[in-house]
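For reference, the structure is listed below as structure tokens.
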Amino acid sequence: MARIFVTGGVRCEGPDGSFADADLPGAQGRAAFGILVLERRPLTRDALADLVWGEALPAQWNGALTSILSKVRRLVTGTGLDGGAVVASAGGTCAIHLPADAWVDVEEAGRRLDAAEGALRRGDAVSATTDATVASAVLRRPLLPGLSGDWIEARRAQHDDALQRCLLVLATGWNARGNHDLAAIIAADAVSRDALRERAHRELIRAELGRGDRGAALRAYDRCVRVLDDELAIAPDPATRALIAHLDS
């Protein structure tokens, strides 16, 4: 089975071998391979070149792209995958065709995160935390490190959003399972990454209350109030206020 990693560095593993970052033809080779894997659709050569080079598109980009794709194709073939896995068709498009059972780390993380959120909606905190833990192991790693450009930054924003969703599932799930110490650590991480997501504050407050730390719960609530007021000019939701209502009495 093919296994492809695009987080924490690029790596492709097949039945006959593997290759990693250092084997690809420079930053452009890493970018081309990562783009084709993540897009999973035919791209025109012009479109692929724009994504690979951005504003630094060389005058002789067509020949350079041909050379990059040839080297990437050779590496993929060496892993024992289909020799036509990377193709430049007569119609001027480029695509990577992977076996049906190919495993891509970010795709697996997405599947696990969707499953975790679904489990949480059903009230199955055990399945939710199990799937979210697997997803978070991938999502905590940087996506295509060392590369830059509009396309990769947009993808990284999606990656970061998925990690935040994952942390919220974990914090909620561990609170539901009664492990408030772990929930507090995860919720605090979520707040530090994106303080505008009120649900992260709410799970942190719930975790602090769960482990009996009234002072920490009030401090977490006060921070939530300040952030929402300063950044969005809004007050916390009733669900958040309800958590600490009894502490003021």
Side-chain angles (χ1 to χ4, degrees), residues 7-8 105-143 145 152-249:
T7 62
D105 59 352
V106 291
E107 293 178 358
E108 176 66 11
R111 285 191 290 268
R112 289 292 193 126
L113 177 55
D114 287 343
E117 290 178 329
L120 201 59
R121 287 192 294 270
R122 297 191 305 272
D124 184 355
V126 173
S127 295
T129 52
T130 299
D131 281 321
T133 297
V134 175
S136 69
V138 173
L139 295 170
R140 285 182 180 278
R141 298 196 296 262
L143 180 68
I152 185 61
E153 293 307 323
R155 282 285 181 166
R156 284 178 181 147
Q158 295 174 13
H159 193 74
D160 291 344
D161 180 72
L163 174 56
Q164 191 70 2
R165 288 165 51 202
C166 194
L167 294 176
L168 291 174
V169 169
L170 286 168
T172 305
W174 285 118
N175 268 329
R177 295 180 66 178
N179 191 336
H180 301 297
D181 288 337
L182 183 53
I185 292 170
I186 295 169
D189 187 14
V191 168
S192 70
R193 290 172 183 271
D194 186 354
L196 296 183
R197 297 207 190 196
E198 186 175 347
R199 182 179 160 196
H201 292 277
R202 189 157 55 243
E203 291 305 324
L204 178 56
I205 296 165
R206 183 174 286 117
E208 298 295 5
L209 290 173
R211 60 183 183 174
D213 194 334
R214 172 192 173 113
L218 287 171
R219 288 191 295 274
Y221 177 75
D222 288 343
R223 179 181 179 184
C224 176
V225 171
R226 288 195 306 273
V227 168
L228 294 181
D229 183 49
D230 291 346
E231 300 296 331
L232 302 176
I234 61 174
D237 287 342
T240 306
R241 297 198 298 269
L243 288 173
I244 56 89
H246 69 285
L247 299 182
D248 296 328
S249 58

Would you mind reporting whether [Y] and [X] have side-chain heavy atoms less than 4.5 Å apart?
| X | Y | answer |
| --- | --- | --- |
| Arg202 | Thr172 | no |
| Leu167 | Arg140 | yes |
| Asp161 | Leu163 | no |

With a 3.5 Å distance limit and no angle check, can you tell me whether [X] reaches the backbone of [Y] through a side-chain donor-acceptor pair?
| X | Y | value |
| --- | --- | --- |
| His201 | Tyr221 | no |
| Asp105 | Thr7 | yes |
| Glu198 | Asp237 | yes |
| Asn175 | Glu203 | yes |

Drop me the distance from [X]'s [atom1] to [Y]'s [atom2], to the nearest 0.5 angstrom.
| X | Y | atom1 | atom2 | result |
| --- | --- | --- | --- | --- |
| Ile185 | Leu170 | CD1 | CG | 12.0 Å |
| His159 | Leu143 | NE2 | CG | 5.5 Å |
| Arg211 | Asn179 | CZ | CG | 10.0 Å |
| Thr129 | Asp124 | OG1 | CG | 8.0 Å |

Taking all heavy atoms of [X] and all of [Y], pick out the closest pair and write down the distance.
| X | Y | value |
| --- | --- | --- |
| Ala125 | Arg177 | CB-CG, 3.7 Å |
| Leu204 | Ala184 | CD1-O, 3.6 Å |
| Ala115 | Asp131 | CB-OD2, 3.6 Å |
| His180 | Ala207 | CB-O, 3.4 Å |
| Val169 | Ala132 | CG1-CB, 3.8 Å |
| Ile244 | Ala217 | CG2-O, 4.5 Å |

> Less than 4.0 Å between a side-chain N and a carboxylate O, is that true for Arg193 and Asp189?
Replying inline: yes
> Is the shortest distance from a Lys or Arg side-chain nitrogen in Asp114 or Arg165 to a carboxylate oxygen in the other one below 4.0 Å?
Replying inline: yes
